[in-house]
Amino acid sequence: MNEMNYISPKAKIGSNCKIFPFVYIEDDVEIGDNCILFPFVSILDGTRMGSNNKVHQGSVIGALPQDFNYRGEKSECILGSGNIIRENVVINRATNRGGQTVVGNGNVLMEGTHISHDTVVGNNCVFGYGSKIAGDCRIDDGVIFSSSVIENAKTHVGTGAMIQAGTTFSKDVPPYIICTKRSEYGGVNYTMGRAGGIDERVLRHIANAYRLVFNSQTSVFDATNQIEQQVPDSPEIRSIIQFLRHSEMGIISKM
């Protein structure tokens, strides 16, 4: 241990990790192989980190939950592998005993991102500068937040969605769409759909599905049934149907 660091002897640290001066690591921490921790990083109790992560200056992983219901119980902050955590990122661990805040694999959290207690993030997401995600949120794979996005508590963002810069939203954002600054439907996210290998025919079907949801004069419930009956089946269409049927906060509105 470098005398300029504090690394608890109880922490479990994998092989070939590079830990710069002024890093702080508490007792109940597990860090996988080949991680890089830059100066002034804090890895706190309850953190379980996979391999090949880079955590940049001033970031705090496993911070105590900013939740008035927190009573000091033991919980976890799970960080997968291959993530890039840029400067001054904060990820809180969960509020209640046995709970988990989870960030998957291959994500990029740019400077100033904050992920709050009990939120679950999938894989290969990008969070732009200063994005703030409240507690108990769910963010699926391949989601992009532009800069200064605020996601309010208990909301769900579907696979392949993009949230425009400066957006604040309190409703669920369905898969494969763009959410505008006014927290409204801004069309299908064709760019990321194509990048993710979705066939052009399927992208047209996705667009037709969302026309039924956002451009018809019917309820989301009825529009979902119409998608199931009228739009050709695919894994992407099934994921849209499942998302709409299980939305707890309601979905964002049309433009």
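Residue numbers start at 1 and run along the sequence shown. Computed from a predicted model, the values in this text were never measured in an experiment.
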Can you tell if the side chain of I91 reaches within under 4.5 Å of the side chain of L109, non-hydrogen atoms only?
yes
Looking at every heavy atom in both A94 and G99, which two are closest together, and how far apart are they?
CB-C, 3.2 Å
Could you grab the distance from atom CD1 of I227 to atom CG of L212, nearest 0.5 Å is fine?
5.5 Å
State whether R48 and E76 are salt-bridged, where the test is any N-O pair (Lys NZ or Arg NE/NH1/NH2 against Asp/Glu carboxylate O) under 4.0 Å.
yes
With sequence neighbours left out, the residues meeting ring pair (Phe, Tyr, Trp, His ring centres under 6.0 Å) with F20 are F38
Taking the side chain as C-beta and beyond, is there a heavy-atom pair between D27 and D45 under 4.5 Å?
yes
Residue pairs fulfilling side chain to side chain donor-acceptor pair (under 3.5 Å) with at least one residue in residues 191-202, sequence neighbours excluded:
R194-E200
For the residue pair H56 and N88, confirm or rule out a side-chain donor-acceptor distance under 3.5 Å.
no
Pairwise side-chain contact, F127 with I139, heavy-atom cut-off 4.5 Å (strictly under)
yes
Verdict with reasoning, N225 to Q229, per side chain to side chain contact (heavy atoms under 4.5 Å, CB included)
CA-CA 6 Å; N225 289 335; Q229 295 163 7; 4.2 Å; yes
Picking from I163, V149, I150, what satisfies side-chain contact (heavy atoms from CB on, under 4.5 Å) with S131?
V149
Take the angle between the ring planes of H156 and F243 and call it parallel below 30°, perpendicular above 60°, tilted in between.
tilted
What I'd like to find out is whether the side chain of L244 reaches to under 4.5 Å of the side chain of V213, using heavy atoms alone.
yes
Side-chain H-bond candidate by donor/acceptor type, N124 with D141, under 3.5 Å:
no
Of I31, V103, T101, which meets side-chain contact (heavy atoms from CB on, under 4.5 Å) against L79?
V103
Over all heavy atoms of both residues, which pair between P174 and A161 is shortest? Give the atoms and the distance, please.
O-CB, 3.7 Å
Specify the closest pair of heavy atoms between P39 and V23, including all atoms of both residues, with the distance to one decimal.
CA-CG2, 4.4 Å
I need the L37 CG to K54 NZ distance, nearest 0.5 Å.
12.0 Å
Tabulate below the donor-acceptor pairs under 3.5 Å that side-chain atoms of residues 61-68 make, not counting sequence neighbours, or state none.
{"residue": "D67", "atom": "OD1", "partner": "N69", "partner atom": "N", "Å": "2.9"}
{"residue": "D67", "atom": "OD1", "partner": "N69", "partner atom": "ND2", "Å": "3.4"}
{"residue": "D67", "atom": "OD2", "partner": "T95", "partner atom": "OG1", "Å": "2.8"}
{"residue": "D67", "atom": "OD2", "partner": "H117", "partner atom": "NE2", "Å": "3.4"}

In a check of side-chain hydrogen bond (donor to acceptor under 3.5 Å, both in side chains) between N53 and each of N107, N34, N83, N105, which one passes?
N83
Start with the C-alpha gap between I25 and Y6, add the side-chain angles, then the distance that decides, and say whether side chain to side chain contact (heavy atoms under 4.5 Å, CB included) holds.
CA-CA 6 Å; I25 300 176; Y6 174 79; 6.0 Å; no
Residues two or more places apart in sequence or in another chain: which of them pass ring pair (Phe, Tyr, Trp, His ring centres under 6.0 Å) with H205?
none
Minimum heavy-atom separation for I237 and A209, please, with both atom names.
CD1-CB, 4.2 Å
Is a side-chain donor-acceptor pair under 3.5 Å present for D33 with S51?
no
Applying side chain to side chain contact (heavy atoms under 4.5 Å, CB included), run through I251 and V220 and close with a yes or a no.
CA-CA 9 Å; I251 65 170; V220 172; 4.1 Å; yes
So do M49 and C35 actually touch side chain to side chain, heavy atoms under 4.5 Å?
yes
Aromatic rings Y210 and Y185: how do their planes relate, parallel, tilted or perpendicular, breaks at 30° and 60°?
tilted
In the structure I gave you, are the side-chain heavy atoms of F169 and V157 within less than 4.5 Å of one another anywhere?
yes
Heavy atoms of other groups near K132 NZ, more than 12 under 6.0 Å:
yes
For Y190, give me all partners under ring pair (Phe, Tyr, Trp, His ring centres under 6.0 Å), at least two apart in sequence or on another chain.
none
Are the side chains of E184 and S253 in touch, meaning some heavy atoms are under 4.5 Å apart?
yes
Set out, in order, the CA-CA distance, both residues' side-chain angles and the distance that settles side chain to side chain contact (heavy atoms under 4.5 Å, CB included) for T119 and D136, then state yes or no.
CA-CA 5 Å; T119 283; D136 297 292; 5.6 Å; no
Grouping I, L, V, M, F, W and Y whenever their side-chain heavy atoms are under 4.5 Å apart, do V29 and I7 come out in a common cluster?
yes
D233 vs R238, salt bridge (charged side-chain N to carboxylate O under 4.0 Å, His left out): CA-CA, chis, key distance, verdict
CA-CA 7 Å; D233 181 60; R238 288 196 296 272; 2.5 Å; yes
Is it true that V231 and L203 fall in one hydrophobic cluster, defined by side-chain heavy atoms closer than 4.5 Å?
yes
Spatial distance of atom CE (M162) from atom OG1 (T180) [nearest 0.5 Å]
10.0 Å
Shared hydrophobic cluster for V120 and V173 (ILVMFWY, side-chain gaps under 4.5 Å):
no
Shortest non-hydrogen contact from M192 to G160?
CB-O, 4.4 Å
So which heavy atom on S59 is nearest to which on R86, and how close?
OG-O, 2.7 Å
Indicate whether the side chain of S75 and that of R93 have a donor and an acceptor atom separated by less than 3.5 Å.
yes
Could you list all the ring-ring contact (aromatic ring centres under 6.0 Å, His included) pairs where at least one residue sits in residues 80-114, not counting sequence neighbours?
none
Side-chain donor-acceptor pair under 3.5 Å between D172 and S247, yes or no?
yes
Do Y24 and I43 have side chains that get closer than 4.5 Å, going by heavy atoms?
no
